[in-house]
2 protein chains.
Amino acid sequence: MRKPELAAAIAERADLSKDKASQVLNVIIDEITETVSKGNDVTLIGFGSFTVRERAARTGKNPQTGKPLDIPASKTVAFKPGKALKDAVSK
Amino acid sequence: MRKPELAAAIAERADLSKDKASQVLNVIIDEITETVSKGNDVTLIGFGSFTVRERAARTGKNPQTGKPLDIPASKTVAFKPGKALKDAVSK
DNA sequence: CTTTATGCGTAAGCCAGAACTCGCTGCGGC
DNA sequence: GCCGCAGCGAGTTCTGGCTTACGCATAAAG
């Protein structure tokens, strides 16, 4: 499933125009992105939470040359499924 | 950040009432939950993708008693950040 | 609304360390 | 007041990181 399909589903379920639904979807993505980029977690109860995770520097390897590769520390976003979501997929 | 706050932010940015924003938020969560529970991936370009992941059975351990614990196979939801999201948090 | 053009996302292959998983309980958010 | 989330410990699974090419999505225009 991709963006337009989700937007369409939202439009139907929430009684919105598809344009509005698409706009809202983009706004949400933007808002969440902005929030986590500030280092704040986003928790949607019943769904899950987005957490900013510090990734320690380590030594990797270039898959093509096989040479050791220095990978600096970085940040990433981790998602932890909530109970409802876990139950839903486990079914 | 939690649900009501996100709803408020959406309401402001997308020119919606807070009630409507909250409703839309729930619908989205519900829709995504339903979709992944069917085994379909959800891809929001520029944000990331939700993937259903099969988890093999293995032998774990109860942290409190230290006794071996039999963990059966199950499914879970994995989130993979997209480029825009990674760029945003890395900043 | 459909098409076009551009720009991302996905996939694969390899390897090392890192993150996630589990049950249970307290505590805090709802 | 109640449900959901965080945290612990150890092992295993899994992702990240690079690069190329292809396919599809996105956004804008007719």
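Annotation for B:Lys75 and A:Val89: closest pair CD-O, 3.6 Å, computed over non-hydrogen atoms. Scanning all heavy atoms of the two residues, the minimum distance from A:Ala88 to B:Thr33 falls at CB-CG2, 3.5 Å. B:Ala14 and A:Gln23 get closest at one heavy-atom pair: CA-NE2, 3.7 Å.
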A correct 5'-to-3' footprint of nucleotides 23-28 of chain D, with B, S and - meaning base, sugar-phosphate only and no protein heavy atom under 4.0 Å, is --SS--
Whether each nucleotide of nucleotides 14-19 of chain D has a protein heavy atom under 4.0 Å at its base (B), only at its sugar-phosphate (S) or at neither (-) is summarised, 5' to 3', as SSBBBB
Protein heavy-atom contacts under 4.0 Å, written 5' to 3' over nucleotides 2-7 of chain C as B (base), S (sugar-phosphate only) or - (none), form the string ------
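Take the nearest nucleotide of DNA chain C for B:Gly48 and for B:Val77: the residue whose nucleotide is more 5' is B:Gly48.
Atom CG in A:Asp87 sits about 13 Å away from atom C1' in D:dC3, given to the nearest Å. Between B:Lys83 atom NZ and C:dA11 atom P the separation is 18 Å, expressed in whole Å. Atom CG in B:Leu85 sits roughly 14 Å away from atom C1' in C:dG9 (whole-Å rounding). When the C1' atom of C:dG9 is taken as reference, atom CG of B:Asp41 falls 13 Å away, rounded to whole Å.
Of the possible donor and acceptor atoms, one in the side chain of A:Thr35 sits under 3.5 Å from a partner among the backbone N and O of A:Glu31.
Atom NZ of B:Lys3 has more than 12 neighbouring heavy atoms from other residues, nucleotides or ligands inside a 6.0 Å radius.
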